[in-house]
Amino acid sequence: MSVISNHMPTAELQALDAAHHMHPFTAGDELAAKGVRVITRGKGVWLNDTEGNKIIDAMAGLWCVNIGYGRPELAAAAARQMEELSYYNTFFQTTHVPAIALAAKLAELAPGDLNHVFFAGSGSEANDTNIRLVRRYWAIKGMPNKRTIIGRINGYHGSTMGGASLGGMSGMHEHGGMIDAIAHIGQPHWYAEGGDIRPEEFGLMRARELEEKILELGVANVAAFIGEPVQGAGGVIVPPSTYWPEIQRICDHYGILLIADEVITGFGRTGNWFGCQTMGIKPHIMTVAKGLSSGYQPIGGSIVCDEIAHTVGAAGDFNHGYTYSGHPVAAAVALENLRILQEEKIVDYVRDVANPYFAAKWQALSDHPLVGEAKLVGLMGSIALTPNKATRAKFASPAGTVGYICRERCFANNLIMRHVGDRMIISPALVITPNEIDILIERAWISLDECYTRLNAEGLMVSD
Ligand SMILES: *Cc1c(COP(=O)(O)O)cnc(C)c1O
């Protein structure tokens, strides 16, 4: 096999990709026929492809490149660590300095008594850890029937069997099924599902579905509730202000463990270190990944409170772990990433500079004839596309038809925005400058205009 380089013609790379590479969440044959886009370089918020395009990445990869692409300090940290100790495990009563240092750092950054870290290779794996951990916890407490974990419809917790089961994506459940003892309640998605009810009232209603579900299943059978402080993959859905305080009250009242899946909302995304601080909640476990290493290395983990860690630790072996739990290279890179986030005061920058600057311009997008609402928390945002702003109507075309058209227009204008159904979402690198925010917004307006023109031409501006 010859060396694959960026200098091969795009068509050859595309043909090889089509022949041998299976893509996640992708219609394989359709992509093979169309030809995949080949990304070659990244710097800051910018990407290059083999066709010479310079693309502004408003998604930070997959919500993960918090400090931006191409920081040489992280490359140096990886090289140093590979030369020193390229790999060792943390199973057999051993450890190494990067895992120790990263665990201690996370305990320092995490709020309250979240002082213990179980490392994984990804967010999905960390959520699998959480399933086993909370079930083990209650079994040790003499309540082996407390096994069911309640998640939310349209929540996202990863793509392993455990992660996909905790999540509430029906399309994922259809492909491969679910594990046992998982239940789901409705999501706090006022824009799409709130009808004429006030958002605050709707937030309370959706939170109280947790109470109903606990009573229906029996409190003796419920181990935990899991939720993203702000739903990400579901469409950047910001819950009404009443939602999380009521969820907290219900978890406290019934003694149910609260798991905050911070895989997206962690490490500055919402303008605080963790989304639970922005939402004012106190979880027993936080799932982390993505921004933990800014995507420079695959690493995730569960940050666990004293009570669970001590209970599980006192009861003999916990029969769980991954070959790459606390991988030294990934841990060293994550540490360097956290150093940069902290020393360059990037979380403060999100809260005090980038969010206020971005929010005004993002909000103005709701003046566009196609946009029903524009939401931004920290640096994660969404806009709802609609044929009728006044009624928040859905399009008559199948969900996602219009979102896909809009995404294609963004792509053509060298802006990476994702669509979830007919919502457009963004989550740029946290280091995005005001000037880059201007460019992003300018390209978003152009893309929305082009999308609007096309919808009108094709008769798609029709309400459901
Ligand atoms: C991405 C994501 C995951 C899964 O993380 P992977 O690293 O892809 O396994 C879990 N939870 C949330 C909230 C995510 O956004």
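For reference, positions follow the sequence shown, starting with 1. Both ligands and their constituent atoms are indexed starting at 1 by order of listing.
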Full working for side-chain contact (heavy atoms from CB on, under 4.5 Å) between Y87 and Y324
CA-CA 9 Å; Y87 173 76; Y324 297 137; 3.8 Å; yes
Who are the residue neighbours of ligand 1 when the rule is a heavy atom under 4.0 Å from any of its atoms?
S122, G123, S124, N127, Y156, H157, G158, E228, D261, V263, I264, K290
Could you tell me if H189 and N154 have a donor-acceptor pair between their side chains, going purely by distance under 3.5 Å?
no
Please determine, by modelled atom types, if Q14 and K34 share a side-chain donor-acceptor pair under 3.5 angstrom.
no
pair L440-F358: side-chain heavy atoms closer than 4.5 Å:
yes
Looking at R206 and E209, does any basic side-chain N land under 4.0 Å from a carboxylate oxygen?
yes
Under 6.0 Å from the ring centre and within 45 degrees of the ring axis: does the NZ or CZ of R392 meet both conditions for the six-membered ring of W190?
yes
